[in-house]
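Structure first, commentary second.
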Amino acid sequence: MYKGKQILAIIPARGGSKGIPRKNIIPIHNKPLIQYTIDEALLSNYLDEIIVSTDDKEIAQISINLGANVPYLRPEKLAQDHSRTIDTVMHVVEKQKEHGYNYDYVVVLQPTQPLRKHWHIDEAIESVINNNHESLVSVTKVKEHPILMRTINKNNKLENIINKTSTLRRQDFPEVYKVNGAIYINNTATLHSNTSLNDNKYSYIMEEKFDLDIDDLKDVELFYDLYHER
C-alpha cells in the first residue's frame, strides 16, 4: 500500500513460448527466469499482492515456492501466442473482485525483464500516485535515433519513419525513448479490455543497464554480462 492505495502486482507467465521453450523458467545463474521478477516484487515496499498469472502447473508451483500467489490457472484461451496481456490483466482483476479483493492500481511486471529492481517498482508507484496519473510505463533512452530510420516502399523508395529533418547534428537530435516492458501501472478505475498498456501516458525512465528483454538465447548470453555490470 502507498498513501492508502491498494496495489496489485501481476506477473504474466504463460507456459508456451516460441523463441526459447519454457522461457519463463529457464535457469539463469541457477535461478528460474521468473525468480528475478518475483524476488524484486517481494522486496517492494508498496505491493499488497503479487499474483503470477499462468496456464502452466509447473510455473505455478515454482512461483508459489518462491513466495508469489497463484490462486487460479489462466484459461487456455488467454495463453496463446496471439493472446493480449490486457486480457490476462483483466481476468486477474475480475477474478480478484469475485473473491472480494479490490485494488486501486495494477502493476504489470513481465518476467522477461529480469534486471528491473524493486526500487524501480517503488519509484514508479510513487510517481504515478503522487502525480495522480491514470497510467505509467517504464521507458529507456534509445541509441539508434528514429530520425535516421527509414522504411522502403514497394517502389524501393526510402521513406522517413518520423517527419523531422535529419540535417541536425547528432548531438542536437531530440531525446527519444522506447517502452521497455519492465513496468506498467494502471489505475483500475480506468482499466478496460481495450486498454493498450504500451500506450500508457506517463513515463518512468530507467537506465539502459537495467533494460534487457529476454527473447532468444542471445539475450540470455547478454544477461550474464549486464547482471555483473549493475
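Being a predicted model, the structure only gives us computed values, none of them experimental.
- I121 and L42 fall within the same hydrophobic cluster, defined by Ile, Leu, Val, Met, Phe, Trp and Tyr side-chain heavy atoms under 4.5 Å apart, directly or through other members.
- L148 is not connected to Y177 by any chain of hydrophobic side-chain contacts under 4.5 Å among Ile, Leu, Val, Met, Phe, Trp and Tyr, and they are in different clusters.
- Judged by distance alone, the side chain of N155 and the main-chain N or O of K157 form no donor-acceptor pair under 3.5 Å.
- Here CG of L43 is found 12.0 Å from CD1 of I38. Values are rounded to the nearest 0.5 Å.
- Partners of N131 under the side chain to side chain contact (heavy atoms under 4.5 Å, CB included) rule, at least two apart in sequence or in another chain, are S127, H133.
- At least one side-chain heavy atom of P75 sits under 4.5 Å from a side-chain heavy atom of H91.
- Counting only distance, with no hydrogens or angles, the side chain of N200 and the backbone of L136 share a donor-acceptor pair below 3.5 Å.
- Judged by distance alone, the side chain of H192 and the main-chain N or O of N194 form a donor-acceptor pair under 3.5 Å.
- In the hydrophobic clustering of this structure, I50 groups with I125; members are Ile, Leu, Val, Met, Phe, Trp, Tyr whose side-chain heavy atoms approach within less than 4.5 Å, directly or through other members.
- A chain of hydrophobic side-chain contacts below 4.5 Å, direct or via other Ile, Leu, Val, Met, Phe, Trp or Tyr residues, connects I11 to I59.
- Here the shortest heavy-atom pairing between I62 and P32 reads CG2-CG, 4.0 Å.
- For the 3.5 Å distance criterion, the side chains of Q35 and D39 qualify, holding a donor opposite an acceptor.
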Pair L8-V107, side chain to side chain contact (heavy atoms under 4.5 Å, CB included): steps then yes or no: CA-CA 6 Å; L8 167 67; V107 180; over 6 Å; no
Audit row: N153, E159, side chain to side chain donor-acceptor pair (under 3.5 Å) steps and yes/no: CA-CA 7 Å; N153 66 21; E159 296 181 348; 3.0 Å; yes
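- No hydrogens or angles considered: a donor-acceptor pair under 3.5 Å links the side chains of T140 and N180.
- Across all non-hydrogen atoms, the minimal contact from N187 to A189 is OD1-N, 2.8 Å.
- Side chains of E134 and N186 form no contact here, defined as non-hydrogen atoms less than 4.5 Å apart.
- Using a cutoff of 4.0 Å between basic side-chain nitrogens and carboxylate oxygens, R22 and D56 are scored as salt-bridged.
- If you check the side chains of R74 and T54, you find no donor sitting under 3.5 Å from an acceptor.
- Looking at heavy atoms from C-beta onward, V137 lies out of side-chain contact with S203 at the 4.5 angstrom threshold.
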D122 and L47: CA distance, side-chain angles, deciding distance, side chain to side chain contact (heavy atoms under 4.5 Å, CB included) verdict: CA-CA 8 Å; D122 285 354; L47 297 176; 5.5 Å; no
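- The structure places CD1 of I86 at 7.5 Å from OG of S193, a figure rounded to the nearest 0.5 Å.
- Taking CG from N24 and OG from S63, the interatomic distance works out to 8.5 Å, rounded to the nearest 0.5 Å.
- Heavy-atom contacts from other residues, nucleotides or ligands closer than 6.0 Å to CD of E98 number more than 12.
- Under a hydrophobic clustering in which Ile, Leu, Val, Met, Phe, Trp and Tyr are joined whenever their side-chain heavy atoms come within less than 4.5 Å, directly or via other members, Y202 and I185 fall into different clusters.
- Taking the side chain as every heavy atom from C-beta outward, D87 and V89 never approach each other to under 4.5 Å.
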E58 vs I25, side chain to side chain contact (heavy atoms under 4.5 Å, CB included): CA-CA, chis, key distance, verdict: CA-CA 9 Å; E58 183 182 11; I25 53 173; 3.6 Å; yes
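- Crowding of E144 atom CD: a count of heavy atoms from other residues, nucleotides or ligands under 6.0 Å not exceeding 12.
- Between the side chains of S83 and R14, no donor-acceptor pair of N or O atoms lies under 3.5 Å.
- Put simply, the side chain of E40 gets close to the backbone of H118: a donor and an acceptor are under 3.5 Å apart.
- For Y72 and Q96, the side-chain atoms include at least one donor-acceptor pair closer than 3.5 Å.
- Of the candidates T112, L109, V52, V52 is the only one forming a side-chain contact (heavy atoms from CB on, under 4.5 Å) with I34.
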Stepwise salt bridge (Lys or Arg N to Asp or Glu O under 4.0 Å) check, E207 with K141: CA-CA 8 Å; E207 293 179 76; K141 187 177 177 180; over 6 Å; no
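- For the residue pair Q110/D213, the side-chain donor-acceptor check at 3.5 Å is not satisfied.
- The side-chain heavy atoms of K209 and L115, taken from C-beta on, include no pair separated by under 4.5 Å.
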Verdict with supporting geometry, M206 and V139, side chain to side chain contact (heavy atoms under 4.5 Å, CB included): CA-CA 6 Å; M206 294 174 60; V139 298; over 6 Å; no
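- V108 places none of its side-chain heavy atoms less than 4.5 Å from the side chain of I183.
- Interatomic distance, H120 NE2 to D211 CG, rounded to the nearest 0.5 Å: 10.5 Å.
- Atom CG of D55 sits about 9.0 Å away from atom OG1 of T88, to the nearest 0.5 Å.
- Considering only heavy atoms from C-beta on, Q113 stays 4.5 Å or farther from T37 through its side chain.
- Counting heavy atoms from C-beta outward, R116 and Y36 have side chains that stay 4.5 Å or more apart.
- Only one option out of Y2, Y46, Y204 pairs with E126 in a side-chain hydrogen bond (donor to acceptor under 3.5 Å, both in side chains); it is Y46.
- A salt bridge is absent between D104 and K3: the closest approach of a Lys/Arg side-chain nitrogen to an acidic carboxylate oxygen does not fall below 4.0 angstrom.
- Rounding to the nearest 0.5 angstrom, the gap separating the NZ atom in K178 from the OG atom in S138 is 10.0 Å.
- A donor and an acceptor atom, one from each side chain of D48 and Y101, are nowhere located under 3.5 Å apart.
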